[in-house]
Amino acid sequence: MGQDLRSYLELVKSKKPDDFQIVTREINPAYEITALVAKLESEAKRRPILLFEKVKGTEFPVLTNLHASRSRLALGMNVQPEEMQKAYLRAMEKPVPPKIVSKAPVKEVILGGDEVNVLALPQIMHHEGDAGPYLTAAISFARSPDGETWNCAYNRLQVRGRNTTSIHLTLAKHLWEFYRVAEAKGEPLPVAFAIGVHPAIALGALAIGSIDEDERAIMGGLLGEPLELIQCETSDLLVPAQAEMIIEGEILPNERAPEGPFGEFTGYSLGERQREILKVKAVTHRKGAVFQDIAVGHLDHMLLSTISIEANLYRAVRAMVPSVKAVRVPAPFTCYVSIKQRVSGQAKNAILAVLGADLYMKRVVVVDHDVDIFNDRQVNWAVATRCQPDRDITIITNTRGSDLDPSTKEDGYTSKWGVDATAKPSLEAYAPRHRVPREVWERIDLKDFFP
Ligand code: MN
């Protein structure tokens with residue numbers, strides 16, 4: 001399997017030609033790209049990958065909406081859509097370490113020193129009220145200051161000038177932790193960003209796990225081969241050799257600048273905050289590089305991010321409750337779990353497992369295995385008919401959650417809750433569900449009555 005964006009796009013063009021749309025007419029990167037993605041989805045019920053060949057103010061074409069379809073993501077993992085969670089768990093359990101190469105397409109053009117100009121990249125404004133143009137598809141590659149741990153993540157970058165951006169480091173997550181250690185020593189933290197990658201790299205970057213789990217090896221597990229990495233020009237960081245573009249830089253110690261507001265996955269445009277500064281030291285790219293954008297807050301963003309979250313939560317619940325049936329993340333900060341509860345108390349264990357395994361999770365609903373958690377109506381029915389609030393709701397106070405949750409008093413400092421909507425004392429002993437006698441159900445044939 002190829003491991004670059006280009007070979008993946010060739011695969012889409014041959015297997016799903018309707019999923020790839022080239023726009024030749026010139027587009028203004030201020031709001032028009034997001035508008036087209038959102039309008040295609042809401043009015044035409046279409047969500048193709050869009051390649052804008054002519055973008056005002058830049059030589060780079062823009063590719064967006066790549067991840068807005070589960071079957072396209074499955075194609076990137078080389079499996080059927082219904083096998084994605086299994087495939088993701090397999091990549092987490094059997095990671096494939098990366099390999100280092102000495103020649104790479106991403107070095108075809110190398111821009112350093114005064115040649116660095118972030119303003120020459122597409123200056124995409126996504127939503128009304130955004131503080132400025134943002135890079136939304138930049139995947140960070142970093143190493144802990146002690147040199148022992150590698151990390152990858154998506155970090156939004158707000159353009160501030162030719163060689164400066166702001167960066168959003170999620171409070172209490174891994175890159176933030178690396179940065180805090182570097183900053184305490186008064187040192188910058190080198191970070192490089194890959195833009196324009198194969199979806200297996202995008203999915204691997206979102207793996208949620210312990211800080212010492214190497215996302216690059218999970219990318220390899222998803223690709224089915226070692227991810228090829230090459231050394232940066234301005235640091236000893238390693239980056240994907242076949243990316244469209246690499247931005248090399250460092251996060252400066254003891255400096256902050258206003259970042260935001262920015263419309264996010266929460267559905268809100270959250271206000272301005274003082275955040276860290278990235279000094280850009282080099283940009284390298286392929287000849288004819290395509291600049292990738294993620295249509296933030298739309299399906300492109302939402303589908304991509306839930307696959308890794310659900311896989312990790314399934315793994316965490318299964319460690320506590322072996323008979324877990326399914327896990328779903330239907331909305332921001334929310335998780336539904338269905339279990340075959342063999343002894344009482346397992347539903348609460350599942351709640352604790354979810355809240356312990358993902359910083360962002362704030363609300364967990366656990367139901368019995370006879371409830372389809374992919375059907376919101378059934379989940380609501382179970383909460384209404386199997387739950388007593390004074391007995392079955394657990395509230396945990398003073399914890400750390402998402403710093404993008406607008407309901408928190410102080411950014412990310414939040415309470416969390418779990419709802420045990422399983423039947424008590426057991427599903428078998430509970431009031432029976434209504435049903436037509438089985439003998440009648442099997443005997444009645446619709447055709448006899450409605451020919
Ligand atoms: Mn990590």
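One-based numbering, in listed order, for ligands and for the atoms of each. Numbering starts at 1 and runs along the sequence shown.
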So which of R273, K173, H168 actually passes side chain to side chain donor-acceptor pair (under 3.5 Å) with D403?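 Of the listed residues R273, K173, H168, the side chain to side chain donor-acceptor pair (under 3.5 Å) partner of D403 is H168.
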
At the Mn ion (ligand 1): angle between H174 atom ND1 and E215 atom OE2, to 10 degrees: 150°

Short question: side chain of R72, backbone of L66 - any donor-acceptor pair under 3.5 Å? yes

Would you please classify the geometry between the F333 ring and the F265 ring as parallel, tilted or perpendicular, with 30° and 60° separating the classes? perpendicular

So, D214 and the Mn ion (ligand 1): N/O/S under 2.8 Å, yes or no?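 It does not; every qualifying atom lies at 2.8 Å or beyond.
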
Could you tell me whether any N, O or S atom belonging to N151 is less than 2.8 Å from the Mn ion (ligand 1)? yes

Tell me if the aromatic rings of H285 and F60 count as close, with their centers under 6.0 Å from one another.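 Aromatic pair counts; centres sit under 6.0 Å.
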
